[in-house]
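Working notes for the structure below.
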Amino acid sequence: MGRILSIDYGKKRTGLAVTDPLKIIANGLTTVETSKLMEFLQDYLQKETVERIVVGLPKQMNGEDSENMKNITPFVNRLKKLYPQLPVVFYDERFTSVLAHKAMLESGIGKKARQNKALVDEISATIILQSYMESQIF
């Protein structure tokens with residue numbers, strides 16, 4: 001059985017999360033500089049069995065694509081070309097950064113740690129993945 005990998009794609013940093021092999025729980029994986037993301041993914045996909053990739057879909061409140069979509073589309077197209085056997089799906093990422101900050105506050109993480117944008121990106125990817133998994137349960 002393969003894992004599901006979630007990507008919260010950003011201009012500078014990209015948060016990653018992954019399920020356990022049974023696809024029960026989403027866990028933060030890491031945050032990678034976006035310029036090194038493809039290299040990281042190639043290495044990760046050689047080591048781990050991944051059956052699907054979920055990419056956060058940045059939407060504005062009115063439902064239109066956000067500005068970052070112009071960066072995400074070429075990335076996803078390249079990913080699909082390199083791994084045609086691997087389904088890549090989008091999942092709405094609205095409010096994930098707000099939810100990540102809220103989760104950090106509720107967990108008691110100190111102020112300095114809450115300012116760590118890499119941690120926020122990783123938690124956002126985890127929220128995207130957990131939400132995606134919950135939406136797939138019938």
Side-chain angles (χ1 to χ4, degrees):
M1 276 207 237
R3 300 172 185 264
I4 301 172
L5 179 69
S6 172
I7 300 174
D8 181 25
Y9 190 95
K11 291 178 185 176
K12 295 180 181 180
R13 290 172 316 280
T14 296
L16 299 162
V18 68
T19 64
D20 61 296
L22 297 175
K23 294 184 276 309
I24 297 171
I25 297 174
N27 295 297
L29 180 61
T30 191
T31 301
V32 178
E33 289 179 41
T34 300
S35 62
K36 298 177 181 176
L37 178 59
M38 273 313 228
E39 182 181 323
F40 176 88
L41 289 175
Q42 288 171 339
D43 184 55
Y44 186 81
L45 293 171
Q46 285 178 354
K47 294 176 185 174
E48 297 290 338
T49 303
V50 173
E51 72 176 41
R52 174 174 311 245
I53 296 177
V54 177
V55 178
L57 179 62
K59 291 277 188 184
Q60 296 178 18
M61 291 307 297
N62 64 6
E64 293 181 16
D65 290 344
S66 76
E67 186 180 323
N68 197 31
M69 198 61 192
K70 69 181 180 199
N71 301 313
I72 294 173
T73 301
F75 163 73
V76 168
N77 290 340
R78 184 171 177 214
L79 200 57
K80 287 179 177 180
K81 187 175 181 180
L82 288 172
Y83 302 98
Q85 77 288 358
L86 191 58
V88 179
V89 297
F90 285 108
Y91 191 78
D92 191 346
E93 69 171 31
R94 279 180 282 194
F95 304 115
T96 54
S97 292
V98 172
L99 291 171
H101 281 288
K102 184 177 179 187
M104 292 169 79
L105 271 172
E106 290 175 356
S107 72
I109 292 176
K111 184 177 181 179
K112 188 135 181 125
R114 290 194 311 265
Q115 293 172 342
N116 179 350
K117 292 180 181 181
L119 182 57
V120 172
D121 293 337
E122 184 178 326
I123 293 171
S124 293
T126 307
I127 292 169
I128 291 167
L129 183 52
Q130 188 68 44
S131 297
Y132 171 79
M133 290 171 27
E134 290 169 2
S135 77
Q136 300 303 299
I137 298 172
F138 302 109

Could you tell me if the side chain of [Y] sits less than 4.5 Å from the side chain of [X], heavy atoms only?
X     : Y     : answer
Tyr44 : Leu29 : yes
Ile7  : Phe75 : yes
Arg13 : Asp8  : no
Thr34 : Lys11 : no
Thr19 : Arg3  : yes

How long is the span from the [atom1] atom in [X] to the [atom2] atom in [Y], to the nearest 0.5 Å?
X      : Y      : atom1 : atom2 : result
Thr73  : Asn68  : OG1   : CG    : 9.5 Å
Gln130 : Glu134 : CD    : CD    : 4.5 Å
Met38  : Leu82  : CE    : CG    : 4.5 Å
Leu129 : Ile53  : CG    : CD1   : 11.5 Å
Leu37  : Thr31  : CG    : OG1   : 11.0 Å

Pick one: which of Thr126, Val50, Leu5 meets side chain to side chain contact (heavy atoms under 4.5 Å, CB included) with Val18?
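In the set Thr126, Val50, Leu5, the residue that makes a side chain to side chain contact (heavy atoms under 4.5 Å, CB included) with Val18 is Leu5.
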For the side chain to side chain contact (heavy atoms under 4.5 Å, CB included) test, which of Leu41, Val88, Leu45 pairs with Tyr83?
Leu45
So which heavy atom on Ala125 is nearest to which on Ser6, and how close?
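So the minimum-distance heavy-atom pair works out to O-OG, 2.9 Å.
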Leu86 versus Arg52, closest heavy-atom pair with distance
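Here Leu86 and Arg52 meet closest at CD1-N, 3.7 Å.
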Set out, in order, the CA-CA distance, both residues' side-chain angles and the distance that settles side-chain contact (heavy atoms from CB on, under 4.5 Å) for Thr14 and Phe40, then state yes or no.
CA-CA 11 Å; Thr14 296; Phe40 176 88; over 6 Å; no
Could you walk me through whether Ser135 and Tyr91 pass the side-chain contact (heavy atoms from CB on, under 4.5 Å) check?
CA-CA 10 Å; Ser135 77; Tyr91 191 78; 3.6 Å; yes
Could you check Leu57 against Met69 for side-chain contact (heavy atoms from CB on, under 4.5 Å), going step by step and ending with a plain yes or no?
CA-CA 8 Å; Leu57 179 62; Met69 198 61 192; 3.7 Å; yes
A quick test of your reading: do over 12 heavy atoms of other residues, nucleotides or ligands sit less than 6.0 Å from CD of Glu39?
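Result for CD/Glu39: open.
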Give the C-alpha distance, both sets of side-chain angles, the deciding distance and a yes or no for side-chain contact (heavy atoms from CB on, under 4.5 Å) between Met133 and Ile24.
CA-CA 8 Å; Met133 290 171 27; Ile24 297 171; 5.8 Å; no
